Amino acid sequence: MPELPEVETIARGLAQRVTGDVIESVWLGSKPEPLKSPAHLIAETLENARIASVHRQGKHIVFELEHDGAPRRKSRSKRPKTKTAETDRAQWIVHLGMTGQLLVTSPDADLAKHTHAVAKLASGRELRFVDPRRFGRLCVITGEQFEAGGAEPLDVDLETFTRLFRGRKTPIKSALLNQKLLRGVGNIYADEALFRAGIRPRRRASTITRAQFEKLYFSLQQVLKEAIEAGGSSVNDYVDSNGDPGSFQFQHRVYGREGEPCLVCRTPVKRVVIAGRSSHYCPKCQK
DNA sequence: ACTATTTCCTGGATGC
DNA sequence: TGCATCCAGGAAATAG
C-alpha cells in the first residue's frame, strides 16, 4: 500500500522521467470514474499541458502543469489583462489509495486490467493509472495551491510534532494515521515507528511523555528516510512508476511479523486491531 | 471539537 | 474443484 516512502519513490521517478513532457490527450476509461473532479475538467486541464514538475505531498502525487499560449477555455469570465503569451498554471493530483499505480509505459505495452486513465505524452510514451481496488482518486486544481491535510513528517519540527498529539485521548496509532494531523504515515510506518520508539500502538496519546514524543519523532523520520532509501515497501501490489518493487519489506521489524520473534528480545510479535487496522508490536519492547 | 465506526472495492487466501 | 467467506486498508461519511 503506498504510504509516504512509496509515494515519494513514485514521485521522484516520475519527476525524472516525465518532467518537461507534454500531455497530448487523455483517456478516462472506467465507470464509476475514480475522480474527484468532473471528467471533462480533468481532460480539459491535462490536455496540452506541460508537466513542469512532479512532487509529493503526504500520500498525494502532485503534477505542476503549465499551459502556454492561446487561451484554452472560453468560459473564463475575467482574465488578468495581460492576455498575450500568458502561462496558465494548474495542478493534477493523484492519490493511489490502496492499490493504485502510476506507470510510464510504451504505448504498445499490454493494457493492464483496471486501467482507469491513460495520458498520451508528446514523447510517445504513456502515463497510466491502474487501480484494482479503486480507492485511488484523481483531481485537478486551478487557481489555488493544493494543500493536503496536516504536517509533513520529514519537515515538521519536534515542538510542532509533539503539539499535534499532546492531550488526545485516541490511541497513538490512530493519531499517527490521521492525515489531518500528520500527512503520509500509513499502517506500515506507524507500526514500525512505534516499535522503534518503544511505544505500544494502543497507548493513549495523552499519556505519552515529552521524552517519548521526541523518540517517536526521530524514529518516524528515521524509518521514513530508510524506506525511501530502499524504494519503499512492496507488500502486495506496490511498484514504482517503472514497474519495479521496493525492498523495505525486508527491513520491517514488526509489520506483518505476527507470531515471529522480536528481532531485539525474541518475544513473539503480537497483532491487535486498532480502529479497524491491524497493528503489530512487541509486548516486551513496547510499553 | 473529538472520537469511533462504517463504507467503499477486488484479489488472494482460507475453509468446508 | 468449487463456492462462499474473510481479510487487507486510506479516507470520507456517519454516528455518537
Side-chain angles (χ1 to χ4, degrees), chain A residues 1-11 28-37 56-62 93-102 111-117 129-139 141 146-153 163-194 201-208 220 224 227 232-239 245-246 248-249 252 254-259 269-281:
Chain A
M1 52 233 77
E3 303 180 27
L4 186 153
E6 292 76 31
V7 179
E8 179 69 27
T9 302
I10 292 167
L28 297 167
S30 55
K31 299 245 188 294
E33 295 152 333
L35 310 178
K36 282 172 82 180
S37 307
R56 176 194 61 77
Q57 252 191 59
K59 296 174 192 172
H60 300 261
I61 296 166
V62 181
I93 315 295
V94 180
H95 192 294
L96 298 171
M98 284 279 296
T99 55
Q101 301 177 347
L102 262 183
L111 203 65
K113 198 177 169 186
H114 306 298
T115 299
H116 305 308
F129 175 64
V130 182
D131 184 17
R133 266 172 244 186
R134 313 182 68 114
F135 280 10
R137 292 290 180 264
L138 311 180
C139 71
I141 307 235
F146 177 68
E147 187 60 40
E152 273 293 332
R163 255 203 314 272
L164 291 175
F165 302 114
R166 291 220 82 172
R168 291 181 178 271
K169 284 186 294 181
T170 197
I172 185 63
K173 170 71 182 277
S174 301
L176 285 170
L177 295 180
N178 184 344
Q179 303 297 300
K180 292 193 171 69
L181 300 177
L182 206 58
R183 63 194 190 203
V185 178
N187 211 33
I188 295 174
Y189 300 102
D191 281 6
E192 292 297 318
L194 286 169
R202 263 205 227 281
R203 270 283 291 283
R204 305 269 151 189
S206 54
T207 71
I208 295 174
L220 179 61
L224 292 174
S233 303
S234 290
V235 175
N236 290 315
D237 322 77
Y238 163 72
V239 290
F248 196 70
Q249 65 276 19
H252 292 174
V254 284
Y255 182 85
R257 297 191 65 246
E258 182 186 10
V269 170
K270 279 195 77 170
R271 188 183 80 92
V272 295
V273 175
I274 300 170
R277 299 290 165 260
S278 63
S279 303
H280 313 72
Y281 70 99

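In what follows, chains carry the letters A, B, and so on, assigned in the order in which the sequence lines appear, proteins first and then strands, with residues in each chain numbered from 1. It should be emphasised that the depicted structure is a prediction, and the values quoted were computed from it without experimental measurement.
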Would you say A/His114 places a side-chain N or O within less than 4.0 Å of OP1 or OP2 belonging to B/dC9? no

Nearest heavy atom decides the nucleotide; on that basis, is A/Gly167 or A/Gly276 closer to the 5' end of DNA chain B? A/Gly167

Should A/Lys180 be listed as having a side-chain N or O under 4.0 Å from OP1 or OP2 of B/dC2? no

With a non-hydrogen cut-off below 4.0 angstrom, is A/Arg168 in contact with a base, only sugar-phosphate, or nothing? sugar-phosphate

Looking only at side-chain atoms of A/Glu3, point me to the closest of B/dT10, C/dG10, B/dA4. C/dG10

Identify which nucleotide among B/dC9, C/dA8, B/dA4 has an atom closest to any side-chain atom of A/Arg204, counting heavy atoms from C-beta outward. B/dA4

Distance test, side-chain N/O of A/Lys59 to OP1/OP2 of C/dA11, below 4.0 Å: yes

Are OP1 or OP2 of B/dA4 and a side-chain N or O of A/Thr170 less than 4.0 angstrom apart? yes

Would you classify A/Tyr255 as touching base, sugar-phosphate or nothing, given that sugar-phosphate means primed atoms plus P, OP1 and OP2, and contacts are heavy atoms under 4.0 Å? sugar-phosphate

Can you see if the side chain of A/Arg277 gets near the phosphate of C/dA11 - specifically, an N or O under 4.0 Å from OP1 or OP2? no

Salt-bridged, A/Glu152 to A/Arg183, with N to O below 4.0 Å? yes

Counting distance only, does the side-chain N/O of A/Gln179 pair as donor-acceptor with the main-chain N or O of A/Leu177 below 3.5 Å? yes

Per-pair stack call A/Phe135 and C/dA11, 5.5 Å, 30°: no

Which nucleotide sits closest to the side chain of A/Ser278: B/dT3, B/dA4, C/dA8? C/dA8

Taking atom types as they are modelled, is there a donor-acceptor pair under 3.5 Å from the base of C/dA8 to the side chain of A/Arg133? yes

